[in-house]
Amino acid sequence: MKNLFKSYLFLKLFLVMMTIVLAALPLYGQKVKPSASGYVSVNDLKVYYEVYGEGKPLVLLHGAFMTIDMNWGQLIPELSKSRKVIAIELQGHGHTSFSERKLSHATLAGDVAKVMDYLKVAKADVVGYSFGGTIAYQFAIQSPERLNNLVIISAAYKSTGWIPEVNKAFKGMKPALFMNSPMQTAYDAVAPDKTKWTRFLEQMIAAAGQPFDLGDTNIAKITAPVLLISGDNDGLDKNELAKTYTLLGGGISADMAPMPKSQLAIVPGQSHVSLMMQTATILGYLNSFLK
C-alpha cells in the first residue's frame, strides 16, 4: 500500500509539474503552419502527419499522451528553417484515431516507415522523446536502412533503463490521474473522437505496465550515429544510460582513440518534463549533431 501511494504521488507531481511548466509558456503551440498534412492508411489505422520546411528529412516522434503541438511546438519553427520536418502522431494520439489494434513497439515503428513510404522519404534522421524515443530505438533496429542519424531524448530501450520508482509509477497509473490534465486538453483539441480518451488511457497504461527489452545485442548493432540526451534527474537510470552509450561505441578515452560517432548529453537541473522545455539547449544539441 505504501509503495502504491508513492507511485500515485509521483504521477500527481509529474502532472502538476507539466501544468506549471506549460502555464509558464505564453504558447506552447507552433508559430508556423505545415506545408502539408494528412493521414496515411496503415491496416485499420489512419496515421496523422505534418510536414514543415525543406531539406534533409527529420522525423519527430512525440512522448506518451502528447500531440505534435504539445511536444514539438517550440522546436519545429527552428528545425524547419533548414530541414524537412516530418512530425507523426502515433496510434491513438492527437489526430490519429484510437484503435483496438495491440500496441507494440514493432507495430508503431512500422507505422513510421509507412508514413515515410507515403511521403517518398527513403532515409531520415529520427528524433524521439520518451515513449517516442523507445519507438525510435525500435525503428533503428528493424529499419536500419531507413536511418541516417538517431536522437533519443529521455527514453529507454528496456524497462530497467528507468529507476525503480518510475517503473512502480507506471504500474500504478490509473486513467483518473490524467483527467483534466494538459494532455487531455491537447487531446480534446484535435482528436477525431474525444469519447475515446478513457479507452486510449487504459490501452496506454496497460502497455506501460508491461516489462520490455529491445535487447542489448540489437542496440549494439545500430550503425547510425546516435545522440542520447537526458536530464540529470529525468527518471532514467544513469548507470544503465552509461551502459547504453558504451554499447553504441562511447564511453572511451578519445585522447587515445578516435572520437566515437555517437554522443551523450546530460542536461543539469532537469526533470523528464522540464527537459523538453529547454528549447535553446535541445536545439543546440540537434543542430550540432545533425549537421
Whether over 12 other heavy atoms sit under 6.0 Å from Lys56 NZ: yes

Distance-minimising heavy-atom pair for Pro192 and Gly94: CD-O, 3.6 Å

Centroid-centroid distance, His93 to Phe200, less than 6.0 Å: yes

Donor-acceptor under 3.5 Å (Asn43 side chain, Leu45 main chain): no

Residue pair Lys168 / Lys171, side-chain heavy-atom distance below 4.5 Å: no

For Glu240 against Thr160, the heavy-atom pair lying closest together: CG-O, 3.3 Å

Sidechain N-carboxylate O distance under 4.0 Å for Asp216, Lys158: yes

Any donor-acceptor N/O pair, Glu89 side chain to His95 backbone, under 3.5 Å: yes

Nearest atoms (heavy-atom pairs only) where Asn239 meets Asp237: N-OD1, 2.9 Å

Heavy atoms of other groups near Lys46 NZ, more than 12 under 6.0 Å: no

Residue that, paired with Asp232, satisfies side chain to side chain contact (heavy atoms under 4.5 Å, CB included) out of Val267, Ile266, Leu275: Ile266

Name of the residue among Ile222, Thr223, Ile152, Leu264 meeting side chain to side chain contact (heavy atoms under 4.5 Å, CB included) with Leu248: Ile222

Heavy-atom donor-acceptor pair, Lys238 side chain to Leu236 backbone, under 3.5 Å: yes

Considering all heavy atoms, the nearest Lys196-Phe98 contact: CB-CB, 3.8 Å

Backbone of Ala242 reached by a side-chain donor or acceptor of Thr246 within 3.5 Å: yes

Same cluster (ILVMFWY, side-chain, under 4.5 Å), Tyr49 and Val32: yes

Shared hydrophobic cluster, Leu58 / Leu283 (ILVMFWY, side-chain heavy atoms < 4.5 Å): yes

Worked verdict on Gln270 versus Asp234 for side-chain contact (heavy atoms from CB on, under 4.5 Å): CA-CA 6 Å; Gln270 300 303 324; Asp234 65 355; over 6 Å; no

Distance, nearest 0.5 Å, that separates CG of Leu228 from CG of Leu150: 8.0 Å

Minimum side-chain heavy-atom gap Tyr137-Thr244 below 4.5 Å: yes

Pairwise side-chain contact, Ile141 with Ile219, heavy-atom cut-off 4.5 Å (strictly under): yes

ILVMFWY network linking Met179 to Met173, side-chain heavy atoms under 4.5 angstrom: yes

Lys221 vs Thr217, side-chain contact (heavy atoms from CB on, under 4.5 Å): CA-CA, chis, key distance, verdict: CA-CA 6 Å; Lys221 290 179 180 177; Thr217 302; 3.6 Å; yes

Flag if over 12 foreign heavy atoms under 6.0 Å of NZ, Lys261: yes

Whether Gln142 side chain and Ala106 backbone form a donor-acceptor pair below 3.5 Å: yes

Nearest heavy atoms of Ser159 and Gln210, plus distance in Å: OG-O, 4.1 Å

Beyond-backbone contact of Asp213 with Tyr157, side-chain heavy atoms, under 4.5 angstrom: yes

Cluster link Met70 to Val190, ILVMFWY, side chain under 4.5 Å: no

Heavy-atom donor-acceptor pair, Ser262 side chain to Gly249 backbone, under 3.5 Å: no

Nearest-0.5 Å distance, CG of residue Leu90 to NE2 of residue His62: 4.0 Å

side-chain contact (heavy atoms from CB on, under 4.5 Å) between Leu214 and His105, worked out: CA-CA 9 Å; Leu214 303 186; His105 300 115; 4.0 Å; yes

Gap between atom OH of Tyr187 and atom CE of Met66 - 0.5 Å precision: 15.5 Å

Heavy-atom pair with the smallest gap, counting every atom of Ile252 and Ala257: CD1-CB, 4.1 Å

Polar side-chain atom of Ser80 near backbone of Ile76 as donor-acceptor pair, under 3.5 Å: yes

Close side-chain approach of Val85 and Leu60, heavy atoms under 4.5 Å: yes

Carboxylate-amine/guanidinium contact Arg199 Glu202, below 4.0 Å: yes

Distance in Å, Lys291 NZ paired with Ser82 OG, rounded so as to fall on 0.5 Å steps: 13.5 Å

For Asn287, the option from Lys81, Glu78, Arg83 that meets side chain to side chain donor-acceptor pair (under 3.5 Å): Arg83

Side-chain heavy-atom pair Phe212, Gln138 within 4.5 angstrom cut-off: no

Pair Asp111-Arg101, salt bridge (Lys or Arg N to Asp or Glu O under 4.0 Å): steps then yes or no: CA-CA 12 Å; Asp111 292 347; Arg101 184 184 70 168; 2.6 Å; yes

OG on Ser181 to CG on Leu201, rounded to 0.5 Å: 7.5 Å

Sidechain-backbone polar pair: Asn149 side chain, Leu290 backbone, donor-acceptor under 3.5 Å: no

Minimum side-chain heavy-atom gap Phe131-Phe65 below 4.5 Å: no

Worked check of side-chain contact (heavy atoms from CB on, under 4.5 Å) between Ile205 and Phe178: CA-CA 11 Å; Ile205 289 170; Phe178 295 88; 4.3 Å; yes

Side-chain (Arg146) to main-chain (Val121) donor-acceptor, under 3.5 angstrom: yes

Check: Ser41 main-chain N/O paired with Tyr118 side-chain donor or acceptor under 3.5 Å: no

Plane angle bin for His272 and Trp162 - parallel if under 30°, tilted between 30 and 60°, otherwise perpendicular: perpendicular

Heavy-atom side-chain contact between Lys102 and Thr107 under 4.5 Å: no

Nearest-0.5 Å distance, CG of residue Leu75 to CE of residue Met276: 5.0 Å

